[in-house]
Amino acid sequence: MLKKYIKLFLFHYLPNQIVSKIPIYFIRHFYYKMILKIKIGKGSSIHMNNFIFRGELIVGDNTTINRSCHLDCRGKIIIGDNVSISPNVHLITADHDIQTRDFSFRSSPIIIADYVFLGSRAIILPGVKIGKGAVVCAGAVVTKDVMDYDIVGGIPSKKIGERTRDLNYKCSWFMPFD
């Protein structure tokens, strides 16, 4: 029983209630890499006040995860290179099957390709794949895969446009005390 509480403290309470509030990114990144075993690519940053539900998280190069995001990694999250995730985005990989008698738990990975932009307060649900260069508008709820370079918005999200295919930028953003 004590072992269970120590694991909960190290992998749930400490990273979400203390480490995520440390205003120096390399201390947070050290904990995330060494204790939570998160793979964080070169030039990438996970900003303050993010909630990370333990599981597998892989972040590519030059990717920014802004403040106050909810990363439910129980079903695995893979994020590509040069991705910009705005504040308050929720990536949810697990839920309960409301149609089963026992309200059974289920999970499915979220895969986010290179050059994706997720607007503030977007919600990505279990099993969704977001294609290269796609844009998810602020407040959108994504329940189905998003094709390469599509712009989606709304609840549930639907295609509202298409993005240019000539993308060449990095989302490497290290603000002091963020």
Peer 1: With distance as the sole test, does S120 use its side chain to make a donor-acceptor pair with the main-chain N or O of A138 at under 3.5 Å?
Peer 2: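 No: the side chain of S120 does not pair with the backbone of A138.
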
Peer 1: Carefully, step by step, assess L57 and I79 under the rule side chain to side chain contact (heavy atoms under 4.5 Å, CB included).
Peer 2: CA-CA 8 Å; L57 175 59; I79 302 170; 4.1 Å; yes

Peer 1: Considering all heavy atoms of both residues, which atom of F53 and which atom of D72 are nearest to each other, and what is their separation?
Peer 2: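 Closest heavy-atom pair between F53 and D72: CB-CA, 3.8 Å.
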
Peer 1: Set out, in order, the CA-CA distance, both residues' side-chain angles and the distance that settles side chain to side chain contact (heavy atoms under 4.5 Å, CB included) for I52 and I38, then state yes or no.
Peer 2: CA-CA 10 Å; I52 301 172; I38 295 172; 4.0 Å; yes

Peer 1: By the salt bridge (charged side-chain N to carboxylate O under 4.0 Å, His left out) test, which pairs, at least two apart or in different chains, include something from residues 121-135?
Peer 2: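 Found none.
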
Peer 1: Take atom NZ of K170 as the centre, draw a 6.0 Å sphere, and report whether it contains more than 12 heavy atoms from other residues, nucleotides or ligands.
Peer 2: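 No - once you tally the heavy atoms of other residues, nucleotides and ligands closer than 6.0 Å, there are 12 at most.
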
Peer 1: Give, for atom CZ of R74 and atom OG of S108, the distance between the pair rounded to the nearest 0.5 Å.
Peer 2: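 Result: 12.5 Å between the selected atoms.
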
Peer 1: Cluster question for you: counting only ILVMFWY and a side-chain heavy-atom cut-off of under 4.5 Å, with indirect links fine, are M1 and L10 together?
Peer 2: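 No, separate clusters.
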
Peer 1: Under 3.5 Å, which donor-acceptor pairs do the side chains of residues 154-161 form with other protein atoms, sequence neighbours left out?
Peer 2:
| residue | atom | partner | partner atom | Å |
| --- | --- | --- | --- | --- |
| K159 | NZ | D150 | OD1 | 3.3 |
| K159 | NZ | E162 | OE1 | 3.1 |

Peer 1: Would V128 and L118 show up in the same hydrophobic cluster when neighbours are defined by side-chain heavy atoms closer than 4.5 Å?
Peer 2: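 Same hydrophobic cluster.
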
Peer 1: Can you pull the salt bridge (charged side-chain N to carboxylate O under 4.0 Å, His left out) pairs that have at least one residue in residues 42-66, sequence neighbours excluded?
Peer 2: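 Listed once each, the pairs are E56-K76.
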
Peer 1: Determine yes or no for a side-chain-to-main-chain donor-acceptor pair under 3.5 angstrom, with S107 supplying the side chain and A94 the backbone.
Peer 2: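 Flag not set: sc S107 to bb A94 has no pair under 3.5 Å.
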
Peer 1: Quick one: CD1 on I124 to CD1 on I130, what's the gap to the nearest 0.5 Å?
Peer 2: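 Interatomic distance, I124 CD1 to I130 CD1, rounded to 0.5 Å: 3.5 Å.
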
Peer 1: Would you check, one step at a time, whether the test side chain to side chain contact (heavy atoms under 4.5 Å, CB included) holds for T164 with Y149?
Peer 2: CA-CA 7 Å; T164 182; Y149 304 101; over 6 Å; no

Peer 1: About how many Å separate CZ of F30 and CD1 of I22, when rounded to the nearest 0.5 Å?
Peer 2: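 Taking CD1 in I22 and CZ in F30, the distance rounds to 11.5 Å.
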
Peer 1: In terms of hydrophobic clustering (I, L, V, M, F, W, Y; side-chain heavy atoms under 4.5 Å; direct or indirect links), are F11 and L8 co-clustered?
Peer 2: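 Each belongs to a different hydrophobic cluster.
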
Peer 1: For the residue pair H29 and S45, what are the closest heavy atoms and their distance?
Peer 2: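 Nearest heavy atoms, H29 then S45: CE1-CA, 3.4 Å.
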
Peer 1: If you round to the nearest 0.5 Å, how far is OG of S104 from CD1 of I98?
Peer 2: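 Taking CD1 in I98 and OG in S104, the distance rounds to 11.0 Å.
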
Peer 1: Shortest non-hydrogen contact from V146 to A134?
Peer 2: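 Looking at all heavy atoms of both residues, the closest pair is CG1-CB, 3.7 Å.
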
Peer 1: Within this structure, what is the CG-CD1 distance for the pair L91 and I85, rounded to the nearest 0.5 Å?
Peer 2: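 So the CG of L91 and the CD1 of I85 are separated by 5.5 Å.
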
Peer 1: How many angstroms lie between CD1 in I58 and SG in C73, if you round to the nearest 0.5 Å?
Peer 2: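 Going from the CD1 atom of I58 to the SG atom of C73 covers 10.0 Å.
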
Peer 1: Strictly by ring-ring contact (aromatic ring centres under 6.0 Å, His included), give each pair with a member in residues 54-94 just once, sequence neighbours left out.
Peer 2: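 Matches after skipping sequence neighbours: F51-H70, H70-H90.
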
Peer 1: According to a 4.5 Å side-chain heavy-atom criterion applied to Ile, Leu, Val, Met, Phe, Trp and Tyr, with indirect links allowed, do I40 and L36 form part of one hydrophobic cluster?
Peer 2: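 Both belong to a single hydrophobic cluster.
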
Peer 1: Any donor and acceptor pair, going by atom type alone, linking the side chain of S20 with main-chain N or O of M48 inside 3.5 Å?
Peer 2: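 Judged by distance alone, no pair lies under 3.5 Å.
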
Peer 1: Tell me whether Y169 contacts the main-chain N or O of Y115 through its side chain, where contact means a donor paired with an acceptor under 3.5 Å.
Peer 2: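 Yes, the answer is positive, given that a donor and an acceptor are paired below the 3.5 Å cut-off.
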
Peer 1: Taking N66 for its side chain and N88 for its backbone only, find out whether a donor-acceptor pair lies under 3.5 Å.
Peer 2: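 Not confirmed, N66 side chain does not pair with N88 backbone.
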
Peer 1: Are I46 and R28 close enough, and set up right, to give a side chain to side chain contact (heavy atoms under 4.5 Å, CB included), and what steps lead you there?
Peer 2: CA-CA 8 Å; I46 299 175; R28 287 191 313 274; 5.6 Å; no

Peer 1: With clusters defined by side-chain heavy atoms of hydrophobic residues (ILVMFWY) lying less than 4.5 Å apart, directly or transitively, does I77 cluster with Y31?
Peer 2: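 Per the 4.5 Å side-chain linkage, Y31 and I77 are co-clustered.
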
Peer 1: Hey, is the main chain of P126 close enough, under 3.5 Å, to the side chain of T93 for a donor-acceptor pair?
Peer 2: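 Looks like no, no N/O pair under 3.5 Å.
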
Peer 1: Could you report the tightest heavy-atom contact between A113 and V116, atom names first, then the distance?
Peer 2: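 The pair with the smallest heavy-atom distance is O-CG2, 3.2 Å.
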
Peer 1: Once side-chain hydrogen bond (donor to acceptor under 3.5 Å, both in side chains) is applied, what residue pairs with a partner in residues 4-17 remain, sequence neighbours excluded?
Peer 2: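 Every candidate side-chain hydrogen bond (donor to acceptor under 3.5 Å, both in side chains) pair involving residues 4-17 fails, so no pair, neighbours aside, qualifies.
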
Peer 1: Just by modelled atom types, is the S84 backbone N or O under 3.5 Å from a matching donor or acceptor in the T64 side chain?
Peer 2: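 Between the backbone of S84 and the side chain of T64 there is no qualifying donor-acceptor contact (under 3.5 Å).
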
Peer 1: Sort and list the pairs that fulfil salt bridge (charged side-chain N to carboxylate O under 4.0 Å, His left out) and have at least one residue in residues 106-115, not counting sequence neighbours.
Peer 2: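 Listed by first then second residue: D95-R106, D97-R106.
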
